[in-house]
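Worksheet: one structure, shown below.
Chain identifiers are assigned alphabetically (A, B, ...) following the order of the sequence lines, protein sequences preceding nucleic acid strands; residue numbering begins at 1 within each chain.
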Protein chains: 2
Amino acid sequence: MVKTGTSAGRAADQIVRALEGKIRTGQLVDGNPLPSERELMEEFSISRTVVREAVQMLSGKGLVETRPRFRPVVRKPGVDTAIETISGVVGHLLDQPGGVRNLFETRIMVEAALVRQAAKEATRDDISALKYALDENRMAINDSELFYLTDTQFHAVFFNISRNPVLPAVQRAYTTWLAPHWMRMPRLPDRNRRNYEAHKAIFEAILMRDPDAAEDALRAHLAQAWAQVRATFGEI
Amino acid sequence: MVKTGTSAGRAADQIVRALEGKIRTGQLVDGNPLPSERELMEEFSISRTVVREAVQMLSGKGLVETRPRFRPVVRKPGVDTAIETISGVVGHLLDQPGGVRNLFETRIMVEAALVRQAAKEATRDDISALKYALDENRMAINDSELFYLTDTQFHAVFFNISRNPVLPAVQRAYTTWLAPHWMRMPRLPDRNRRNYEAHKAIFEAILMRDPDAAEDALRAHLAQAWAQVRATFGEI
DNA sequence: GTATCTATTTGGTACAACCAAATATCACCC
DNA sequence: GGGTGATATTTGGTTGTACCAAATAGATAC
């Protein structure tokens with residue numbers, strides 16, 4: 001029987017909705033493989049064509065993870081999932097003139113807000129986390145590979161202070177998307193030291209509970225970083 | 001001939017990349033329909049199945065727009081495209097406990113940063129745009145439908161001041177995603193007036209070039225809005 | 001020139017078949 | 001008995017054909 005144009009009008013969308021539900025309610029457990037395509041086509045009485053289509057849609061929405069020849073794996077949606085979903089488009093945006101600049105500008109804005117907040121309401125734990133990250137950063141000045149890592153982790157502390165799970169994911173997005181430009185920059189102990197000093201200045205402003213100074217230090221730091229990027233890549 | 005497992009290993013990904021390129025370079029013009037599936041299968045010597053798969057992927061990436069029975073339309077990627085792409089996942093996130101709260105919190109943070117910036121560097125044009133939006137808002141106090149609109153537009157001004165095209169898109173995202181909660185709130189002239197007064201307070205702080213006051217006013221305003229949401233929906 | 005009816009195109013779905021990579025099964029040897 | 005490797009069985013990837021119903025283009029009538 002060739003059943004076409006079903007009442008509801010759409011197609012595999014129904015399957016998608018059904019599976020979406022099963023994932024959200026936990027009937028399909030996070031991390032487990034999806035039922036095989038043949039099973040699904042039997043369960044919903046549809047052709048494999050439609051099953052594949054549905055699975056692909058779910059993959060596009062980030063609810064399942066598909067590797068080329070493997071069973072799709074269920075993934076309960078999280079902030080990181082959302083961010084991965086747009087990575088493709090963002091890639092194109094960054095290729096456009098001014099794309100990187102625009103993204104980086106929002107990062108400055110967000111992080112400026114975060115350091116202000118840190119200066120105002122960082123707990124003792126937050127501050128010791130910050131101090132730890134700063135020390136790690138200092139000790140890595142002569143190891144550029146490690147310095148990049150500790151640099152990122154220092155900044156990460158700010159994104160954690162709010163206790164809002166969205167923000168750490170946002171930072172991961174920023175670092176992932178901007179990494180191509182950062183990683184290919186010449187990294188010299190000299191520059192590392194300057195960056196460390198900038199971090200230290202931010203830290204001290206936060207210690208002094210001075211939001212304005214913290215914001216200024218952060219902006220100076222990121223502006224300098226941007227200048228380095230420009231020096232490496234030119235107009236972007 | 002049944003050709004499988006081609007050298008490169010993947011499948012419709014190649015087609016996706018090819019089409020991606022054609023879209024970015026403008027060979028496939030923004031707004032125009034994609035070639036028909038049959039044409040594409042001939043052009044790339046692949047089965048229609050694969051063509052459809054590729055098109056779907058492009059759709060998932062937001063590079064083409066597909067309505068159920070219509071020709072897919074090419075869409076050059078923009079920030080809005082990116083945001084639409086994640087709308088699906090975000091929907092799930094908002095359903096989770098605390099989801100709305102977390103999102104709204106980031107909105108407060110971002111907008112607080114924006115009003116600070118506005119207070120510091122708004123041009124004469126920015127300020128008159130703000131004043132215009134404020135007046136429109138005042139005149140709509142007794143028309144709740146219109147008030148919601150002018151409310152949104154008042155806030156929109158802040159997202160425009162930076163001249164960064166990412167931010168207006170972000171605001172559209174916020175309003176879209178949070179709309180379901182805002183629109184179903186009881187809207188009374190009384191509340192409208194209170195919100196208008198809050199807007200006015202923010203505006204005046206910006207006029208005075210006082211970032212701290214502007215931020216405080218903005219935070220008070222949004223905190224109140226949140227309280228209203230809570231009063232309507234309870235724990236969310 | 002506009003409206004209406006008809007032919008053709010085009011997307012949506014189904015089914016059957018096949019390949020190659022994964023995975024499960026089992027016999028075999030230490 | 002507990003690994004180890006060869007074998008059988010899934011299972012995802014792809015092709016081809018076929019058919020329906022909605023869109024669109026084309027022709028015809030008004």
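Whole-Å rounding puts the Glu53(A) CD to dG12(D) P distance at 16 Å. Protein atom CD of Glu65(A) is 16 Å distant from nucleotide atom P of dG12(D), rounded to whole Å. For the pair Arg52(B) CZ and dT15(D) P, the computed distance is 15 Å after rounding to whole Å. The nearest whole Å value for the distance from the CZ atom in Phe70(B) to the P atom in dG12(C) is 11 Å.
Side-chain N/O atoms of Arg69(A) include none lying less than 4.0 angstrom from OP1 or OP2 on dG13(D). Dashed line: the shortest gap from a side-chain N or O of Arg71(A) to OP1 or OP2 of dG12(D) is under 4.0 Å.
Of the candidates dA14(C), dT14(D), dG12(C), dG12(C) carries the atom nearest the Arg48(B) side chain, counting heavy atoms from C-beta on. Among dA14(C), dT15(D), dG12(C), the nucleotide with an atom closest to any side-chain atom of Ser47(A) is dA14(C).
Using a 4.0 Å cutoff on non-hydrogen atoms, the parts of residues 29-42 of chain B near DNA chain D are Arg38(B), ordered by number.
Side-chain atoms of Asn192(A) and Ser144(A) include a donor-acceptor pair closer than 3.5 Å. Donor-acceptor pairing under 3.5 Å is lacking for the side chains of His155(A) and Gln171(A).
The ring pair (Phe, Tyr, Trp, His ring centres under 6.0 Å) search around Trp226(A) returns Phe104(A), not counting sequence neighbours.
Put simply, the side chain of Arg67(A) and the base of dG12(D) share no donor and acceptor less than 3.5 Å apart.
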### Query
Can you list the steps and then say if Asp30(A) with Ile23(A) is a side-chain contact (heavy atoms from CB on, under 4.5 Å)?
CA-CA 7 Å; Asp30(A) 182 50; Ile23(A) 291 176; over 6 Å; no

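Between the side chain of Asn102(B) and the backbone N or O of Asn164(A), no donor-acceptor pair lies under 3.5 Å.
When side chains are defined from C-beta on, Val64(A) does not count as touching Gln56(A), because their heavy atoms never get closer than 4.5 Å.
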